[in-house]
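These values consider heavy atoms only, across backbone and side chains, with no hydrogens, waters or symmetry-generated copies. Convention: sequence-line order gives letters A, B, ...; per-chain numbering from 1.
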There are 2 protein chains.
Amino acid sequence: MDSSELKRAGLKATLPRLKILEFLENSDVRHMSAEDVYKALLESGEDVGLATVYRVLTQFEAAGLVVRHHFEGGQSVFELEQGKHHDHILCVKCGKVDEFMDETIEERQKKIAKEKGYAMTDHSLYIYGVCGECQKEE
Amino acid sequence: MDSSELKRAGLKATLPRLKILEFLENSDVRHMSAEDVYKALLESGEDVGLATVYRVLTQFEAAGLVVRHHFEGGQSVFELEQGKHHDHILCVKCGKVDEFMDETIEERQKKIAKEKGYAMTDHSLYIYGVCGECQKEE
DNA sequence: AATAAGAATGCGAACTCTTCTCATTTACGT
DNA sequence: ACGTAAATGAGAAGAGTTCGCATTCTTATT
Ligand SMILES: [Mn+2]
Ligand SMILES: [Mn+2]
Ligand SMILES: [Zn+2]
Ligand SMILES: [Zn+2]
C-alpha cells in the first residue's frame with residue numbers, strides 16, 4: 001500500500017482511505033458513484049462504512065485527487081484526477097461513458113463568459129445519446 | 001384564466017394547473033424550483049400542495065410547456081419553454097442566471113457525438129462564474 | 001515499544017429533494 | 001345536475017447524502 005499520495009495530499013494514511021484510493025486506481029471503470037465504491041469494497045471483504053466512503057471521496061475531491069461529476073440520475077460520480085480536463089458523452093440506454101475535449105468549445109465558453117461579464121470559474125458539459133452498441137439493438 | 005394552453009397540451013384545466021401556469025407566465029424570474037413555485041403560490045393565498053406542484057411541473061415538462069434544468073445545488077429548476085434552445089451561465093455568488101446560445105458549440109457537439117458513434121439526443125451545458133455585480137464586491 | 005491526544009471511523013439518525021399512496025375533491029361529457 | 005374518471009392534498013416513503021457521537025486508529029512523543 002502506497003501511503004505517499006495521501007501524505008502528499010495532507011491526509012492521514014488510514015486504512016479506508018488507502019483502500020478507496022487503491023480501488024479507484026486499479027478499477028477498470030473510471031466513473032463511479034460512492035455506492036459503487038462502497039459495494040466493491042464490501043465485496044472484496046473490506047469493512048468500510050458508506051458514510052466514510054462519502055467523506056473520503058469528498059476529501060479526495062478537495063485535495064484534487066478525484067473529480068466529482070453530476071451526471072443525470074441524481075447521484076454524484078467520481079473519477080481519479082488525470083491532470084487533463086475533459087467533458088463527457090453518455091449513453092442513455094446502457095450508461096456507457098466516453099470522454100472528449102474540444103478546444104473550440106472551451107474557447108467559445110470563455111468568450112461567452114467574457115461577453116456576459118462573468119469571471120468564469122468552471123463549466124460542465126454533458127452530451128447524451130445512444131451509443132453505437134445500443135443503436136444495433138432495435 | 002386561459003385554459004386553452006392546457007387543453008391544447010392534453011391536460012384538464014384544473015385550478016392548480018391554471019395557477020401554476022399563470023404564475024410561470026407572469027413571474028419576472030424565469031428559472032424557478034418547485035419549492036419556489038409552491039411558496040409563491042402559498043403567499044398569494046393559493047392552496048396547493050407541494051406534491052401537486054411537482055406533479056404538475058413534471059406534466060408540463062412532458063407536455064413541452066416547461067423545460068427542466070439541473071443546476072448545481074441538487075434541485076430541479078424549471079422555466080417556460082420559449083421555442084428556442086439555449087444554455088445557461090450562472091453566478092456562483094448570487095445565483096444570477098443568464099442565457100446564451102452558441103451555434104459553434106452546438107455544431108461541435110453534434111460533430112463529437114458523431115465521431116464517438118453516438119446518436120445524440122440531448123446535451124446540457126452550464127458555465128459557472130462570478131457575475132459583473134458580484135465582482136465589484138470584494 | 002508503550003502512551004497520549006487528536007483525528008478518523010462506523011453506525012444509525014437526520015436531512016433534502018422528490019415521488020408515492022390513498023382518501024377526498026374536482027372537472028367535464030352526458 | 002350527475003356520474004365517473006382524473007386530479008388533489010397530506011403525509012408517508014424513497015433516494016442520496018450528511019451529521020453526531022461513541023469507539024477505534026494514526027502518529028508524534030516518550
Ligand atoms: Mn471522465
Ligand atoms: Mn433558460
Ligand atoms: Zn449504450
Ligand atoms: Zn452574482
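Take B/Ala119 and apply the side chain to side chain contact (heavy atoms under 4.5 Å, CB included) test, not counting sequence neighbours, and it matches A/Val130, A/Gln135. When the side chain to side chain donor-acceptor pair (under 3.5 Å) test is applied to A/Lys111, the partners found at least two apart in sequence or on another chain are A/Glu115. For B/Lys136, the side chain to side chain donor-acceptor pair (under 3.5 Å) criterion is met by B/Glu133, not counting sequence neighbours. For B/Asp87, the side chain to side chain contact (heavy atoms under 4.5 Å, CB included) test picks out B/His85, B/Phe100, B/Glu106, B/His123, B/Leu125, with sequence neighbours left out. The side chain to side chain contact (heavy atoms under 4.5 Å, CB included) search around B/Arg68 returns B/Thr58, B/Glu61, B/His70, B/Ser76, B/Phe78, not counting sequence neighbours.
Note on A/Ile112: it does not cluster hydrophobically with B/Val97, by side-chain heavy-atom contacts below 4.5 Å among ILVMFWY residues. Hydrophobic clustering (ILVMFWY, side-chain heavy atoms < 4.5 Å, transitive): A/Ile89 and B/Ile105 are in one cluster.
Just one residue in the list B/Leu57, B/Leu80, B/Val66, B/Leu24 forms a side-chain contact (heavy atoms from CB on, under 4.5 Å) with B/Met32, and that residue is B/Leu24.
The rotation axes computed at either terminus of the helix from C/dA1-D/dT30 to C/dT30-D/dA1 lie 30° apart, taking five pairs at each end and rounding to 10 degrees.
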Note to self: Assess the residue pair A/Lys84 and A/Glu99 against the criterion (side-chain contact (heavy atoms from CB on, under 4.5 Å)); give the C-alpha distance rounded to whole Å, side-chain angles, the decisive distance to 0.1 Å, and a yes or no.
What the structure shows: CA-CA 11 Å; A/Lys84 43 194 176 302; A/Glu99 305 180 329; over 6 Å; no
Taking only nitrogen or oxygen atoms into account, show me every contact under 3.5 Å that the protein makes with nucleotides 3-6 of chain D, one pair per line with its distance.
| from | atom 1 | to | atom 2 | distance (Å) |
| --- | --- | --- | --- | --- |
| D/dA6 | O4' | B/Lys12 | NZ | 3.3 |

Give me the distances for all protein-to-nucleotides 11-17 of chain D N/O pairs that come in under 3.5 Å?
| from | atom 1 | to | atom 2 | distance (Å) |
| --- | --- | --- | --- | --- |
| D/dG16 | OP1 | A/Gln75 | OE1 | 3.3 |
| D/dT17 | OP1 | A/Ser76 | N | 2.6 |
| D/dT17 | OP1 | A/Ser76 | OG | 3.3 |
| D/dT17 | OP2 | A/Tyr54 | OH | 2.4 |
| D/dT17 | O5' | A/Tyr54 | OH | 3.3 |

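Rounded to the nearest 0.5 angstrom, B/Thr52 OG1 and B/Lys19 NZ are separated by 14.5 Å.
Residues from residues 60-67 of chain B lying near DNA chain D, meaning a heavy-atom separation below 4.0 Å, are absent.
Within the structure, salt bridge (charged side-chain N to carboxylate O under 4.0 Å, His left out) pairs that include any residue of residues 5-16 of chain A do not occur (at least two apart or interchain).
Mapping B/Thr58 and A/Gly10 onto DNA chain C by nearest heavy atom places A/Gly10 at the nucleotide closer to the 5' end.
Between B/His31 and B/His69, the ring planes are tilted. Angles from 30° to 60° get that label.
One atom, CZ of A/Arg55, and another, P of D/dC25, lie 15 Å apart when rounded to the nearest Å.
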Exercise answer: donor-acceptor pairs, residues 38-46 of chain B side-chain atoms, under 3.5 Å, sequence neighbours excluded:
| from | atom 1 | to | atom 2 | distance (Å) |
| --- | --- | --- | --- | --- |
| B/Ser44 | OG | B/Ala40 | O | 3.1 |
| B/Ser44 | OG | B/Leu41 | O | 3.1 |

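Salt bridge absent: B/Glu137 and B/Lys93 never bring a charged side-chain N and a carboxylate O closer than 4.0 Å. Electrostatic pairing of B/Lys116 and A/Asp98 does not count as a salt bridge here, judged by no charged N lying under 4.0 Å from a carboxylate O.
A/Thr52 comes within 4.0 angstrom of a nucleotide base, judged by non-hydrogen atoms across all strands.
You can see that DNA chain C meets the heavy atoms of chain B within a 4.0 Å-exclusive cut from C/dC17 to C/dC28, reading 5' to 3'.
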